[in-house]
Each structure stands twice: as C-alpha cells, then as structure tokens.
Amino acid sequence: MEELKELLMTYVNIDLNQMILSKVRGQQTVTKVRIRPVLLKEELFFQITCTEGAREFHRNCTREDTVDAVLKWMKEQFGQLQLQACNADVTALVSKKGKLTVKCRKHTPVQRENRNLAHNRSKDYILPVGRPVDFLVDLGVMKPDGQIVAKRYDKFRQINRFLEFIEDIIPRLDKSREITILDFGCGKSYLTFAMYYYLHIVKQYEIQIIGLDLKADVIDHCNCLAKKYGYDKLTFHVGDIASFDRNEPVDMVVTLHACDTATDYALAKAVAWNAAVILSVPCCQHELNGQIHSGILEPVMSYGILKERMAALITDGLRAGMLEEQGYETQILEFIDMEHTPKNLLIRAVKTNRPANRDKALEACMQFLHAEPTLEKLLYDQEHPGGAE
C-alpha cells in the first residue's frame, strides 16, 4: 500500500475533485464511499459519504485521517478506487488475492471556476434547478417552473455531467471566431441542445452545431425545436457517420453512443479535421469480441460475458491510445454512475502540439491480442486522411 499512500498524500488536498471507492469485497454494510474537499471556517477537511443500502452517512475528516481511512478500506473492503484531481487521475484495483495495482495518469491542470467547497452545499448544476430552460421543458425533463420531472432526474444529471466536460475544455476553444461542432448520432439531441444553450446563450461563444442522425422523423422534430427557440446556428441532418464529409474546419467532434465501429469513423474524421476537442461515449463495442484471442487469457475469455466486457474495455483503451498517437491528450472518464447504464465511459481527447507518433507498446498490445480495430485501419490506411505517417 506504500505506492497508494504516496499518491494519496500527493493528491488528497484542495485540488481534489472527488474520490470514489467501489466494488465491495465480501459482505459489507458500506457499499460505496465518496470523498470531496470541504472548507469549515476556512480550514480544509474532507467530507466522507458512506452509502449503506438506501441511506448515506457523512462525516468530515482531516487529510491524514482521510488517507488512513482510505488505505484501510482498500486493504480490507473495496476493490476499486478512482481519484480525480485537477491535474491527475488515479485508479487503484485490488484483486481477489489482495494484489494492489495502482496507476496514475497526469494531465494538463484543469480547475473549475468558483468551485463550491461549502460543507452543506446543494448540488451545483450548470443548468440549475428552478430556472426553466425551454428545450428541457419541451423535451420533458423540466416542468414550466424549472423543477425537474421526477422520472427524468437521471437525464437531467446526465446533461449536467456532460456540460461539466464541456466546461473543462472551454479554454481550448477560440472565442475570437465562430466555433464549429459536429454531433454524430445526435438522436433526440438532449445534449446537443444543451451544448448550444450553454456555449452560445450562457457563455456567449459564436458557434454552429451540426447534428447528424439516421432517423428522419427525429431530425425533423429537432429542427422544428431549434427554429422555435431561435437557435439559428443549430441544424440537424439525416446522414450516416461513415459517409458524411465536410471540407471546412471542425473544432469539436461529439459522438455519444454511436454503435460499434461508427465510433471509429467519427474519431477518424475528427482526427482528419484536426479537431481541437473530441468527446466520445462509445457503445456496443462488438468488433473485437470476434477477434481477440490469447492462449494465456483463454481461462478467462472462455466465459462469454467476461470476454464481451474485456473486448469493450480493450476497444476503448486502444481507441484512447491511438488518439494519443495522433497528438491528443486523452482521458477516459466516468460519464454517469454504472447504476444508470453500463455504457458509462467517456473518451475526452484534447489536441496538443505534440507530433503524431506510433506507440510500439500499443502495437505490441494489439498483436498480442490479435486485435485489428477499425480505427487503426482508418487512421493508418493511406486511403484515409488524418493518419500519422
């Protein structure tokens, strides 16, 4: 536990965003722990929230007591720790045999403006409860008085969580000119409308957003709503991700729950456009499930459901690695809690000045698993633009 203790002592401070302990081992009353910094009379403490059944219990601890409690929990009770700080993400996993694996991924420091560290704070939503937003009312998420429809609270949380990811990357967008955003597979466009509202109405960026989906009736409905709200630079089109083409520059590409290799086509196009920001929530990662095999891993992969989940995680890990090869700084983040949907991982990639360069370790990983992902073919096949030489 020394490596984990050292990392906790480094990142458990006022720059901690949150820490979550989950995957309880054995029969335990506490099934999840959340930790965040709070200020009490201008002194830093850490609020520990323990979930027991349907109830939550809170207590505030010093930094040292918090670190000690986390180490004890990870040693005796929990199998996973996820720590998100302003400049790093830490993941710790404990195997059934008690082996601890710790990984720390540093990234460019991100600090949310006016972060609320009050003790008894209400949940800070970017789109606050009680302030009606037209498109949320029409989409059935809000009531006309700004209160949230009880059955749609999960959707409201999802929208705000997505906007937090947008908020983090705003400094990467050039406010001096019009920003172009493409939303592949926009569907009913809850998040597309939210992006436009937040960036244009709230933050006053000059933007145009193009939504793309295969369902003509949904596209017609979204265009009618955009016209109703006066969202002149928000348009929706019927089209397929793979065949969509555009010659003008694109600043941000969003792809949420694009099925299987449709995500790969969206990512490849984003790279070809040299997009400054990519936000992707992959879905239905079937391709590698039929490809990967390994004699060493066969005792695990022989179980279909485990192989399917491994294939999904490997697919997204390879996608993130290939975006890194293309000069992006890439993170894989939790979009919403697993209890709401298993498709809860978001790939966030931000373009850097780092030149594109092949990663031999990533290539070795694909060779070991006999994986030939579509994204690799799209990026490095000479018939497709945007790949590193």
Side-chain angles (χ1 to χ4, degrees), residues 1-25 32-37 44 46-48 61-112 115 164-165 168-169 172 278-280 310 313-335 337-338 344-354 357 359-362 364-365:
M1 292 285 176
E2 284 303 315
E3 181 183 1
L4 179 58
K5 181 177 181 179
E6 183 178 341
L7 286 170
L8 291 173
M9 294 300 291
T10 300
Y11 295 112
V12 177
N13 53 45
I14 198 168
D15 289 329
L16 175 71
N17 290 328
Q18 71 168 353
M19 178 163 38
I20 299 175
L21 309 186
S22 59
K23 292 189 178 178
V24 67
R25 308 200 312 265
K32 180 180 284 189
V33 174
R34 294 179 181 269
I35 300 170
R36 70 176 181 93
L44 181 64
F46 294 87
Q47 184 178 85
I48 299 178
C61 296
T62 64
R63 176 172 175 265
E64 290 74 17
D65 288 345
T66 299
V67 170
D68 289 342
V70 170
L71 290 172
K72 180 177 174 60
W73 270 319
M74 290 302 295
K75 184 177 181 180
E76 301 176 356
Q77 190 163 338
F78 290 101
Q80 178 172 294
L81 174 151
Q82 289 180 302
L83 180 154
Q84 294 176 356
C86 292
N87 62 342
D89 297 324
V90 175
T91 300
L93 301 173
V94 179
S95 69
K96 289 184 178 181
K97 296 183 179 180
K99 181 182 178 181
L100 178 70
T101 302
V102 179
K103 291 187 177 181
C104 177
R105 185 180 183 85
K106 295 184 179 181
H107 54 74
T108 302
V110 174
Q111 178 67 53
R112 287 189 60 189
R115 198 159 52 120
E164 289 177 6
F165 294 127
D168 286 344
I169 56 84
R172 305 300 180 97
I278 303 170
L279 298 175
S280 175
M310 287 176 65
L313 294 173
I314 290 168
T315 299
D316 292 339
L318 294 178
R319 285 168 171 163
M322 282 183 270
L323 290 175
E324 288 274 355
E325 288 183 328
Q326 295 294 323
Y328 285 84
E329 184 179 89
T330 309
Q331 296 171 274
I332 297 183
L333 305 167
E334 184 180 61
F335 185 20
D337 291 341
M338 282 287 287
N344 76 323
L345 297 182
L346 180 141
I347 300 173
R348 181 169 68 187
V350 178
K351 189 68 175 177
T352 70
N353 293 324
R354 188 174 67 244
N357 186 40
D359 183 347
K360 292 183 178 179
L362 190 67
C365 178

Taking side chain to side chain contact (heavy atoms under 4.5 Å, CB included) as the definition, give me every residue that meets it alongside [X], ordered by chain and number, with sequence neighbours left out.
X	result
C365	L318, L369
V24	Q28, Q77, F78
I332	A320, L345, I347

Heavy-atom pair with the smallest gap, counting every atom of M74 and A92
CE-O, 3.9 Å
Quick one: [atom1] on [X] to [atom2] on [Y], what's the gap to the nearest 0.5 Å?
X	Y	atom1	atom2	value
Q82	L93	CD	CG	8.5 Å
E324	Q326	CD	CD	11.0 Å
D316	L346	CG	CG	10.0 Å
Q47	T66	CD	OG1	10.5 Å
K351	E329	NZ	CD	12.5 Å
Q80	L21	CD	CG	9.5 Å

With heavy-atom distances below 4.5 Å as the criterion, would you say the side chains of [X] and [Y] are in contact?
X	Y	result
L8	V90	no
I20	E334	yes
F46	D65	no
N13	P37	no

Can you name the salt bridge (charged side-chain N to carboxylate O under 4.0 Å, His left out) partners of R25, sequence neighbours left out?
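Not a single residue meets the salt bridge (charged side-chain N to carboxylate O under 4.0 Å, His left out) criterion with R25.
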Checking [X] now: which residues fulfil side chain to side chain donor-acceptor pair (under 3.5 Å) with it, not counting sequence neighbours?
X	value
E6	none
T10	none
E76	K72
D68	none

Any donor and acceptor pair, going by atom type alone, linking the side chain of [X] with main-chain N or O of [Y] inside 3.5 Å?
X	Y	answer
T330	A349	no
R63	V12	yes
E325	D359	yes

Criterion side chain to side chain contact (heavy atoms under 4.5 Å, CB included) on V350 and I169, from CA distance to verdict
CA-CA 8 Å; V350 178; I169 56 84; 3.9 Å; yes
For C61, the option from I48, V70, V67 that meets side-chain contact (heavy atoms from CB on, under 4.5 Å):
I48
Pair listing, side chain to side chain donor-acceptor pair (under 3.5 Å) test, anchored in residues 88-101, at least two apart
D89-Q331
